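Structure first, commentary second.
Worth knowing before you read on, the calculation uses all heavy atoms, side chains too, and leaves out hydrogens, waters and symmetry mates. This one's a predicted model, so the numbers in the text were calculated from it and none came from an experiment. Chain naming here is simple, since letters A, B, ... match the order of the sequence lines and numbering starts at 1 in each.
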Amino acid sequence: MVRVLSKAGVRVEFPSGQTCCGQPAFNAGMRVQARQMAKHTIDVFESTSGAILIPSGSCAAMVRHSYLELFADDPDWLPSAKKLSERVYEFSEYLVDVIGVTDFQASYPGQITYHASCHLLRELGVREQPRVLLSNVRDCELVELPQAEDCCGFGGLFSVEHPEISSAMLERKIANIEASGADFVISCDASCITNINGGLHRLGKRQQALHLAQILEKYE
Amino acid sequence: MNNPFYTRIRAALKDSRLQNALDANASRRLLAKQQAISSLEEDWEILRQRAHQLRYQTITKLDEYLDKFIKKTQENGLIVHRAENAQEAVEIVLEIARTHKAKVIAKAKSMVSEEIELNSALEAVGLRVVETDLGEFIIQLRKEHPAHIITPAVHLDRNQVGKTFQEKLGLPFTEDIPTMTAAARSELRQVFIEADIGISGVNFGVAETGTLCVVTNEGNGRMVTTLPPVHIALMGLERLVPSMKDLALMLNLLPRAATGQKISVYTSLIHAPRGEGEIDGAQERHLIILDNGRKAVQNSPLKEALLCIRCGSCLNACPVFREIGGHAYVSLKGKHSPYPGPIGSVISPGLLGQKEFGHLAQASSLCGACKEACPVDIDLPKLLLRIRAGGIKPKKGTRPPGIPLVVTWGLRMFTWLATDECRFSAAQKMVGLFSRFATPKKLWWRFPAITGWGLSRDFPVPATRTFRQLWVSGEIKKPLEIQSETESISGVRSGDKAEFKTADIRSDLSDNQPLVDRFTRELEEINGTYTLCDQSKLAKKLLTFLREHEIRSIMAWDQEHFPDGLLEVLAKEGIDISYKMDPSLIAGLTGGLASCASTGSIAIPAGRGKPLTASLLPEIHLIVIKASQIYADLKSVITLPELHSATSAVLVSGPSRTADIEMTLTVGVHGPRQVHVFCLIDQ
């Protein structure tokens with residue numbers, strides 16, 4: 001991601017204090033712990049300026065939307081949560097909507113497909129941006145993934161709390177990836193990628209899930 | 001784990017028949033819904049936001065609307081009961097049954113009756129209760145619970161239904177859906193006629209007019225509210241809309257979201273018991289308004305759940321429901337959750353107890369497909385998270401329902417690490433070292449199935465050096481440095497931002513087409529038929545129709561509701577005309593108050609000389625209307641004052657239908673199999 005951003009002439013900083021946005025605890029219903037992690041994140045980024053880029057749709061949705069839910073009854077923290085939420089962008093959203101760069105002169109000779117991660121799509125409303133970026137990759141055919149907008153079955157703790165259901169959902173996703181004919185399935189969420197790749201590897205499939213940035217930096 | 005929820009989930013996943021049925025449900029329902037949405041003249045998104053606002057404001061001022069509604073229904077002549085809880089509601093029904101010495105009760109679909117477990121209570125005192133919705137009828141025969149809010153028998157295929165009918169009704173085995181539907185029709189026809197009491201649910205109560213709106217497709221809802229002498233309507237206290245105009249909005253959304261129809265076949269608007277001089281309609285109507293935890297939800301973080309209009313759309317969209325079906329949703333003790341799917345995982349804990357049902361909310365990947373599908377835009381993922389965080393009254397320090405102790409301690413540990421830079425980076429380094437020394441050559445770890453993750457997935461071995469380490473040590477080239485080395489492509493910063501097309505979901509129907517054309521087209525689409533003619537030709541056309549169908553006697557409205565001399569001419573030509581309720585007659589002739597061009601519906605109010613049964617009992621329903629009575633949209637029709645002043649009224653939209661077996665459309669269930677409209681086109 002850093003390399004792709006640099007191609008677009010964006011200066012990147014990495015505040016080393018950052019850890020986790022708190023989504024695992026929030027999704028588990030442990031709001032006390034989620035608030036502690038959220039406060040830590042707010043503290044770390046308050047001393048910085050500019051847009052905050054997050055390479056995963058669901059983490060970005062957590063900071064943009066769920067922080068407001070988390071601090072709804074906390075007048076001390078709500079204003080800074082709000083300020084932070086307005087600075088947060090998901091990677092593809094930032095490239096296309098904010099700086100307007102849609103072509104990275106990347107090239108890949110083969111077929112790729114796109115999995116629409118749930119929180120990216122439904123909470124951030126990012127539907128077309130990654131497709132636009134992918135459609136500009138040279139020599140490469142962007143094929144449609146059947147049921148591209150269905151969940152891959154990760155869902156955070158859900159994947160270990162309800163592994164049977166989660167696995168059944170992943171099985172469908174993998175079948176659809178195979179049906180698409182693509183070599184790579186591109187996503188904008190690290191957790192979907194971990195889940196899908198974990199399943200693909202277990203089954204010994206040749207396909208692989210990649211982050212959008214990984215395909216955008218493939219250039220000659 | 002001996003948690004019955006898990007046992008049910010495993011059983012459901014192994015059941016290939018169920019899996020096929022659930023797949024078919026999801027794909028067919030989603031497709032039908034998309035088509036129904038595209039038929040809207042207004043943007044679906046705008047409509048559902050409007051509906052959200054409307055429902056939200058109604059729930060906020062619920063007491064005010066409830067008072068108004070109750071006052072109005074009482075003025076209209078309904079006997080209104082308030083029930084605090086399930087037990088009180090059941091008691092009220094039992095008391096009414098005792099008073100009327102009832103033996104047989106015919107029931108239309110009602111989720112509230114499932115919630116209060118009414119059937120078992122009525123059966124316990126020796127009453128015969130018969131579910132009359134085809135899907136409910138099937139599962140009642142099988143002694144099962146509904147597997148879906150809208151399609152109770154969604155989990156069964158035609159073979160299973162055929163076997164059930166063979167075993168329980170002694171019918172010859174068949175897999176032919178129309179034959180099975182016809183068998184249910186004749187079985188239940190007798191029940192409607194014999195029943196002492198009819199019980200129905202209420203889709204919407206209208207505060208302004210005291211209207212009870214009940215929508216059904218099969219006609220059983222009309223039967224149970226029209227034929228038995230006593231009608232009991234059960235409703236949750238949140239099911240209100242302020243006005244008829246608001247009802248029109250909700251009716252644009254509910255059938256589209258629920259079954260992918262533009263409108264349900266029958267939209268009944270019930271106001272009062274049978275009026276003076278009327279020959280049908282219940283003589284006594286009771287309305288039981290149920291709280292059962294709803295007020296507590298209204299004043300809690302789960303308030304938004306009360307916006308629900310029970311369309312079942314979130315179930316059809318949910319990838320988890322698609323895997324496990326409705327019967328898997330059970331309490332910690334294995335008790336069936338009356339409301340399954342995403343909305344069920346919120347309202348079952350909300351209404352029936354966080355402790356017993358709270359764990360259901362864990363069975364969600366929070367993918368948000370439910371919110372996207374909801375016609376009133378309930379933020380279900382947010383509510384599921386609120387259930388996880390404690391539900392109605394979140395208490396500090398209580399363990400989230402359904403999460404094992406080891407996970408909560410793990411998360412506490414993780415929080416401790418993640419709230420400090422040094423601890424976090426040290427932990428990351430430790431993991432990196434572990435992967436370097438413990439599994440130096442591996443790229444993937446394989447965890448055992450018991451970890452959950454290991455059931456179907458491998459785990460990527462964490463990098464030995466983290467991004468943080470690489471960044472700090474300068475091994476990742478900082479962008480500015482890269483920029484000086486390589487040619488920046490900032491030149492491609494085109495500024496021409498991609499313009500995204502949003503789907504054009506406006507209807508392709510142009511607005512200037514005559515209403516008659518639109519009306520007849522819509523009518524045909526819902527399997528209705530029609531004849532356009534001048535008034536002077538009506539009698540001749542009617543006679544031709546009757547002769548073609550070899551019909552010699554009909555049930556009809558009084559002459560005053562038809563063009564002058566019509567019935568006289570028919571009688572002269574040898575047609576017997578009955579003005580009484582007679583189930584043996586094949587055709588019924590009625591007029592209509594108004595028609596709706598956008599849905600192909602005809603509004604038919606009851607009244608003296610205008611029996612409701614003429615449009616309900618016969619197999620063929622003939623309607624005479626004037627072209628000048630056609631209105632463009634549902635709102636114009638439903639707000640007509642003549643509909644509110646009638647004791648009851650119904651919007652008929654084509655012949656009765658069902659899709660309760662394998663989602664296969666079958667025309668002709670309890671109501672007419674054919675609806676033929678004679679539209680008079682002269683002025």
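Across Arg322(B), Arg423(B), Gln428(B), the residue that shares the most heavy-atom pairs under 4.5 angstrom with chain A is Arg322(B). Among Arg122(A), Gln147(A), Met30(A), the residue making the largest number of heavy-atom pairs under 4.5 Å with chain B is Arg122(A). When each of Asp420(B), Leu384(B), Leu443(B) is checked for heavy-atom pairs under 4.5 Å with chain A, Asp420(B) comes out on top. When Gly22(A), Ala28(A), Ser58(A) are compared by the number of non-hydrogen pairs under 4.5 Å with chain B, Ala28(A) comes out ahead. Here Ser166(A) is the residue among Ser166(A), Gly153(A), Gly156(A) with the most heavy-atom pairs under 4.5 Å with chain B. Interface check for chain A: of the options Ala361(B), Gly454(B), Pro381(B), the most heavy-atom pairs under 4.5 Å are formed by Gly454(B).
More than 12 heavy atoms of other residues, nucleotides or ligands shown are found within 6.0 angstrom of CG on Leu405(B). Taking a 6.0 Å sphere around CG of Asp76(A), one finds it holds more than 12 heavy atoms contributed by other residues, nucleotides or ligands.
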### Task
Any chance you could lay out the side chain to side chain contact (heavy atoms under 4.5 Å, CB included) test for Asp379(B) and Glu69(A), step after step, and finish with the verdict?
CA-CA 12 Å; Asp379(B) 193 341; Glu69(A) 159 100 1; over 6 Å; no
### Stepwise side chain to side chain contact (heavy atoms under 4.5 Å, CB included) check, Glu323(B) with Arg172(A)
CA-CA 10 Å; Glu323(B) 300 294 351; Arg172(A) 282 180 200 271; 2.6 Å; yes
#### Entry: Stepwise side chain to side chain contact (heavy atoms under 4.5 Å, CB included) check, Phe14(A) with Arg468(B)
CA-CA 8 Å; Phe14(A) 180 84; Arg468(B) 183 189 311 273; 4.2 Å; yes
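Residue contact with chain A, scored on non-hydrogen atoms closer than 4.5 Å, involves the backbone and the side chain of Ile403(B) alike. Residue Leu203(A) does not touch chain B at all, counting heavy-atom pairs closer than 4.5 Å. For Ser364(B), the part lying near chain A is the backbone, with the side chain staying farther off; criterion is any non-hydrogen pair under 4.5 Å. With a 4.5 angstrom heavy-atom cutoff, Ile324(B) touches chain A only via side-chain atoms. Within the 4.5 angstrom heavy-atom criterion, only side-chain atoms of Glu372(B), from C-beta onward, approach chain A. Neither the backbone nor the side chain of Phe321(B) comes within contact range of chain A, judged by heavy atoms closer than 4.5 Å. For Arg386(B), the parts lying near chain A are the backbone and the side chain together; criterion is any non-hydrogen pair under 4.5 Å. Only the side chain of Gln19(B) comes within contact range of chain A, judged by heavy atoms closer than 4.5 Å. Interface residue Thr419(B): backbone and side-chain heavy atoms are both found under 4.5 Å from chain A. At a 4.5 Å heavy-atom cutoff, the contact between Pro319(B) and chain A is made by backbone and side-chain atoms alike. Residue Asn197(A) touches chain B through both its backbone and its side chain, counting heavy-atom pairs closer than 4.5 Å. Residue Asp43(A) does not touch chain B at all, counting heavy-atom pairs closer than 4.5 Å.
Considering only heavy atoms from C-beta on, Phe414(B) stays 4.5 Å or farther from Gln33(A) through its side chain. Val160(A) is not listed as a side-chain neighbour of Val407(B), based on a closest heavy-atom distance of 4.5 Å or more. Put simply, the side chain of Val12(A) reaches to within 4.5 Å of the side chain of Trp471(B), judged on heavy atoms. Within the 4.5 Å cutoff, no side-chain heavy atoms of His162(A) are placed close to those of Ser365(B). Counting only heavy atoms from C-beta outward, the side chains of Met169(A) and Val320(B) approach each other to under 4.5 Å. A heavy-atom distance below 4.5 Å is found between the side chains of His119(A) and Leu366(B). Ser456(B) places a side-chain heavy atom less than 4.5 Å from the side chain of Leu170(A).
In this structure, OG in Ser66(A) is found 7.0 Å from CG in Leu385(B), a value given to the nearest 0.5 Å. In this structure, Thr415(B) OG1 and Arg35(A) CZ are separated by 12.5 Å, a value rounded to the nearest 0.5 Å. Put simply, CD on Gln36(A) and CH2 on Trp416(B) are 12.5 Å apart, with the number rounded to the nearest 0.5 Å. Rounding to the nearest 0.5 angstrom, the gap separating the CD1 atom in Ile165(A) from the CD atom in Gln362(B) is 11.0 Å. Taking CH2 of Trp453(B) as the start and CG of Asn195(A) as the end, the distance is 4.5 Å to the nearest 0.5 Å.
The two residues Ala25(A) and Leu411(B) come nearest to each other via the heavy atoms N-CD2, 4.0 Å. The two residues Gly402(B) and Glu161(A) come nearest to each other via the heavy atoms O-OE1, 3.2 Å. In terms of heavy-atom proximity, Tyr6(B) sits nearest to Glu164(A) at CD2-OE1, 4.5 Å. Across every non-hydrogen atom of Gly199(A) and Arg457(B), the tightest pair is N-CG, 3.8 Å.
In this model, a donor atom of one side chain and an acceptor atom of the other lie less than 3.5 Å apart for Glu421(B) and Ser16(A). If you check the side chains of Asn27(A) and Arg388(B), you find no donor sitting under 3.5 Å from an acceptor.
Annotation: salt bridge (charged side-chain N to carboxylate O under 4.0 Å, His left out) contacts of Arg202(A) (sequence neighbours excluded): Asp458(B).
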